Structures are given as C-alpha cells and as structure tokens.
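So you know, we letter chains A, B, ... as the sequences are listed, proteins then strands, and number each from 1. What you see is a predicted model; the values in this text were computed from it and never measured.
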Protein chains: 2
Amino acid sequence: MTTQAESPAQPRIPLSRERVLRAAVSLADEGGIGAVSMRKVGNELGVEAMSLYNHVANKEEMLDGMVDIVVGEIDLAVDDVDWKSTMRSRMMSARQILVQHKWAAAVLETRTNMTPPMIKYMDSFIGIFREGGFSSGLTHHAMHALGSRVLGFTQEMFDDSEALEANPEVKAMMLQQMKDQYPNISAMLVDISHEDGGETVGDGCDDDVEFVFAVDLILDGLERLRDAE
Amino acid sequence: MTTQAESPAQPRIPLSRERVLRAAVSLADEGGIGAVSMRKVGNELGVEAMSLYNHVANKEEMLDGMVDIVVGEIDLAVDDVDWKSTMRSRMMSARQILVQHKWAAAVLETRTNMTPPMIKYMDSFIGIFREGGFSSGLTHHAMHALGSRVLGFTQEMFDDSEALEANPEVKAMMLQQMKDQYPNISAMLVDISHEDGGETVGDGCDDDVEFVFAVDLILDGLERLRDAE
DNA sequence: ACCTGAACACCGTTCAAGT
DNA sequence: ACCTGAACACCGTTCAAGT
C-alpha cells in the first residue's frame with residue numbers, strides 16, 4: 001500500500017508538520033483544494049490519515065499552515081525608487097504567487113486566524129505606505145481599499161487586532177510585545193487610537209465607512225479617466 | 001419523523017424548486033453555508049434528501065439557485081441624479097443584501113455558471129456607466145476594478161462571455177439573441193471587439209492588464225489624497 | 001409523477017491499542 | 001513518541017422499488 005514497501009533497508013522519513021503541509025500544498029496545486037483531504041494527504045505520505053493529527057491539530061489548522069507557506073513565498077525584499085512603484089511591485093509579487101497556487105485566494109478568504117507570516121506580511125505592507133509619507137489614517141484606508149484585491153484578509157485581520165486593542169489592559173502589553181517584531185503595525189495602531197480617540201478603530205473599524213471610501217476612490221478615478229479620454 | 005405526521009387531513013405542500021431553494025437559503029442565513037446539506041435541507045422540508053434531486057440537479061446547481069435568489073434581491077431600480085451617485089447607490093444596495101446573507105459572498109466567488117439573474121445584474125451595471133458617457137473600453141475596465149468589491153464574479157463571467165464571443169459564428173447568433181434582453185452587455189461587446197480587433201477581449205481579457213489597471217487607479221487616488229492632507 | 005430505502009464511496013475526528 | 005484499526009457521525013449521489 002505504501003511506496004516504501006519495497007525498500008525495507010531505507011528507514012521511512014519521519015513525519016513532521018513541515019512534510020504534512022508541503023504534501024497538502026502540492027496536492028492542492030495539482031488537483032485544487034477539493035483534492036485535499038486528511039486521507040489523501042496521508043496517502044501521499046504513505047501514512048494513515050490519523051497520523052496527521054500528531055502534527056496538525058485538525059484540518060482547519062492544516063489550511064492555516066498551507067496559507068502560511070504560500071504567503072511566505074511572497075517576495076518582501078523589493079525596494080523600488082519610491083513608495084508607489086514599491087507597492088506596485090509588492091502587489092505584483094503577491095499576485096504572481098497566488099496565481100501559482102490557484103486554490104490559495106479562496107482559502108485565504110476563509111481564514112480568520114492571524115498567523116505570524118500573515119502579520120509579517122501586513123507589517124511590511126504598512127511600512128511601504130508609512131515610508132511614503134502617508135498618515136496612519138490614510139494608510140488604514142489604503143489597506144482596506146487594496147486589501148480585497150490581492151489578499152482578501154485585510155478586514156478580518158484588522159478586526160481581530162482591533163478587538164484585542166479594545167481591551168485597554170491587553171492593549172498595552174500587546175503593543176509592547178509587537179513593537180519590536182511589527183513596528184509598522186504598532187505605529188499605525190498607536191497613531192490611529194490617538195487621532196480619533198478609538199472611535200473608528202477601538203470597537204472594530206466601521207466596514208461601511210471603509211467600503212464607501214474604496215468605492216469613492218475608484219469612482220473618482222474613473223471619472224478622471226473618462227474626462228481625459 | 002416529519003412535522004406533518006400529526007395533521008393527516010392537511011395534504012402536504014408539494015415540493016418545488018422554489019421551496020427547495022428558499023429552504024436552503026434560510027438554512028444558510030441561520031447557520032452559515034456549512035449548515036446546508038442535502039440531508040438537512042430535506043429535513044427542513046419534512047422530506048428525504050433524495051427527493052430534492054427531483055427539483056435540483058445536484059448540490060452545485062442548488063448553490064447556483066441560492067445565489068440567484070440573493071442577487072435577485074438587489075434593488076436595480078435606483079436612478080439617482082447622475083451616473084456616479086447611481087452607481088454608488090447600486091453598490092450600497094448590493095452590499096446591503098450581501099450583508100444580510102453573509103454566506104453569499106463566498107459562495108458567489110465559487111460560481112462559474114452564468115445564470116440569467118447574474119447576467120441581468122451585469123447588464124444593468126454596465127448600463128449605468130454607458131449612460132454616464134463612458135466608453136466601452138473604460139466600462140470594461142471599471143467592471144474589473146469594482147468587480148471584486150461587491151460581487152466577485154466579474155472576471156469569470158466575462159471570461160465566459162468572451163470565450164463564446166471568440167467563436168465568430170456563435171458570436172453573431174449570441175449577439176442577436178442577447179441584444180433585446182441585455183442591450184448594454186451587447187453594446188459593450190460589439191464596441192470593444194471593434195476597438196481592438198478582439199486582441200484584448202477576443203481570447204479572454206488579460207487579467208494581468210486588468211489587475212494593474214485597478215491597482216494604479218487606487219494608488220493614484222491615494223497619492224492625491226495624501227498630497228491633499 | 002414524485003418520493004424513499006438501501007447502498008456506495010467518500011468525509012473529519014476520536015480513542016484505545018499497538019510498536 | 002509516534003502510528004494505526006476500528007468506529008462514529010456525517011457527506012453527495014444512484015437506482016430500483018414503492019405509491
């Protein structure tokens with residue numbers, strides 16, 4: 001049944017979280033997310049489905065890990081001549097990776113957990129705007145406007161981080177811990193809570209406001225192009 | 001087992017596609033899309049799961065029907081003072097409905113079939129831009145730029161309609177049939193195929209081009225806002 | 001014409017038992 | 001410490017059989 005059967009001298013490679021996730025990603029790359037079941041991933045590794053539970057908590061957590069691998073492939077090193085071309089390159093890198101893993105965009109949108117690779121990506125993303133001279137408020141809007149375009153996670157991740165921030169005691173600790181690892185996220189959150197006294201951000205951002213902001217941004221731009229034609 | 005058991009005089013209401021879809025939508029509204037299985041929908045209607053197959057081809061087609069119901073709820077009648085506020089209202093109506101059916105946005109993104117309610121929505125959408133004096137090319141860009149924001153279907157639907165259009169023999173027939181029912185879609189497709197000789201649109205639109213267009217539109221708008229601050 | 005019982009080939013997940 | 005057999009409670013779907 002296993003592919004290792006005819007090589008008894010070769011000790012089987014031990015399972016690991018890494019191996020499980022890589023097997024799952026390669027199954028999804030080949031056959032779409034529908035080709036990923038605990039049983040099939042186990043089979044790919046020459047192991048029963050139940051063995052996977054020693055390395056991932058459950059399927060949901062396995063999907064988190066798969067997305068982390070994909071997000072980790074996005075090149076964060078690009079540093080172009082100005083903020084605009086840097087951001088443009090960043091978006092292209094992200095898109096390129098998501099095109100390589102066609103299943104990932106849909107899965108990404110179902111994730112609600114913030115994982116370190118996701119937070120790292122977001123911090124880098126925010127950093128580009130900050131270095132471009134954007135205020136924290138406008139950076140926040142920018143993330144919502146661009147968010148659903150490449151990585152559909154922006155709303156949810158912000159909701160989570162802001163839910164935590166809403167508790168003032170947790171807030172101080174969180175910010176302290178985050179400051180080193182995620183300087184841009186921290187700076188933005190601090191700025192914004194000072195700017196509006198937590199009104200917009202404290203109890204989760206107002207999705208309606210963000211939606212209208214993005215729509216108006218696009219409509220204004222379209223109008224300009226029409227008039228220029 | 002059924003809720004009708006204690007009322008033998010009352011003849012059971014006969015099943016119908018309509019009743020099946022409404023039951024499925026209400027299950028999804030209450031418990032999310034995970035609460036929708038053939039067995040549970042059957043149970044909701046006091047019927048076995050297998051009976052549903054007399055009214056929907058399979059689960060996939062049931063999901064199509066559920067989405068149609070939701071899309072059909074979007075108010076297409078708004079006609080504001082100009083194209084911009086009309087489009088703004090349209091986007092708000094769509095968003096409002098999708099917020100009411102929280103499961104629908106994700107399901108919408110997995111649909112690949114063009115259904116009449118979807119085409120009707122698209123035609124109305126295009127009509128707003130056309131009446132606002134937009135060229136067909138810019139209208140096409142606009143749909144891509146706004147598409148993923150409210151209804152994530154734009155890309156796929158366009159790919160389909162353009163795939164059909166790529167066959168010149170089918171094209172003439174299709175356009176003739178569509179002209180009455182969907183005047184705006186037809187007009188746009190005709191214009192675009194004349195404008196660029198089918199280069200951009202004939203063999204499916206260039207997703208990369210559309211992606212860059214949308215990103216640049218947003219980045220330019222953000223820059224303007226930053227400088228105005 | 002419409003509904004169902006029985007069956008098939010799948011799922012995710014648990015837990016005690018093996019090594 | 002890690003892997004597995006057996007089992008549970010689910011899936012979507014079919015088809016011949018009932019009414």
TODO: Specify the separation, in whole Å, of atom NZ of B:Lys59 and atom P of D:dC10.
DONE: 15 Å

Task: Nearest-angstrom distance from the residue atom CE of B:Met38 to P of D:dA9 - done: 23 Å

- [ ] Starting from P on C:dA1, measure out to OH on B:Tyr53 and report it in whole angstrom.
- [x] 22 Å

Open item on the list: Can you see if the side chain of B:Lys40 gets near the phosphate of D:dC11 - specifically, an N or O under 4.0 Å from OP1 or OP2?
Closed with: yes

Open item on the list: Once side chain to side chain contact (heavy atoms under 4.5 Å, CB included) is applied, do any residues pair with B:Ser124, and if so which ones, sequence neighbours excluded?
Closed with: B:Leu76, B:Arg90

TODO: Show your working on side chain to side chain contact (heavy atoms under 4.5 Å, CB included) between B:Asp123 and B:Lys120 and close with a plain yes or no.
DONE: CA-CA 5 Å; B:Asp123 190 71; B:Lys120 185 182 169 196; 5.7 Å; no

Open item on the list: Can you tell me which nucleotide in D:dT13, C:dT4, C:dC11 comes closest to the side chain of B:Val47?
Closed with: C:dT4

Open item on the list: Looking only at the side chain of A:Arg39 (C-beta and beyond, no hydrogens), which of the listed nucleotides C:dC11, D:dC11, D:dG5 gets closest?
Closed with: C:dC11

TODO: To the nearest Å, give me how far apart CG (B:Leu45) and P (C:dT4) are.
DONE: 11 Å

TODO: Would you mind checking if A:Glu61 and A:Arg17 are paired as a salt bridge, meaning a charged N to carboxylate O distance below 4.0 Å?
DONE: yes

- [ ] Give each stem of DNA chain D as a range with a range, requiring at least 3 consecutive Watson-Crick or G-U wobble pairs whose two distances are under 3.5 Å.
- [x] C:4-8 with D:12-16, C:12-16 with D:4-8

Task: Side-chain donor or acceptor of A:Asn58 paired with backbone N/O of A:Glu60 under 3.5 Å - done: yes

Task: Rounded interatomic separation in angstrom, taking CG from A:Asn43 and P from C:dC10 - done: 12 Å

Task: Between C1' of C:dT19 and CG of A:Leu15, the distance in whole Å - done: 16 Å

TODO: Measure the distance from CG on B:Leu52 to P on C:dG5 and round it to the nearest whole Å.
DONE: 14 Å

TODO: Please list all pairs passing the salt bridge (Lys or Arg N to Asp or Glu O under 4.0 Å) test where one or both residues lie in residues 29-42 of chain A, with sequence neighbours left out.
DONE: none

Open item on the list: The side chain of B:His55 is closest to which nucleotide in this list: C:dG5, D:dC3, C:dC3?
Closed with: C:dC3

TODO: Keeping the roles fixed (side chain from A:Ser51, backbone from A:Val47), state whether a donor-acceptor pair exists under 3.5 Å.
DONE: no

TODO: Would you mind classifying the nucleic acid contact of B:Ser51 as base, sugar-phosphate or nothing, using non-hydrogen atoms under 4.0 angstrom?
DONE: base

TODO: Could you state the atom-to-atom distance from CD of B:Glu48 to C1' of C:dC2 in whole Å?
DONE: 14 Å

- [ ] Run through A:Gln100, A:Gln96, A:His101 and flag the one making a side-chain hydrogen bond (donor to acceptor under 3.5 Å, both in side chains) with A:Glu73.
- [x] A:His101

Task: Comparing A:Asn54 and B:Met50 on DNA chain D - which has the more 5′ nearest nucleotide - done: A:Asn54

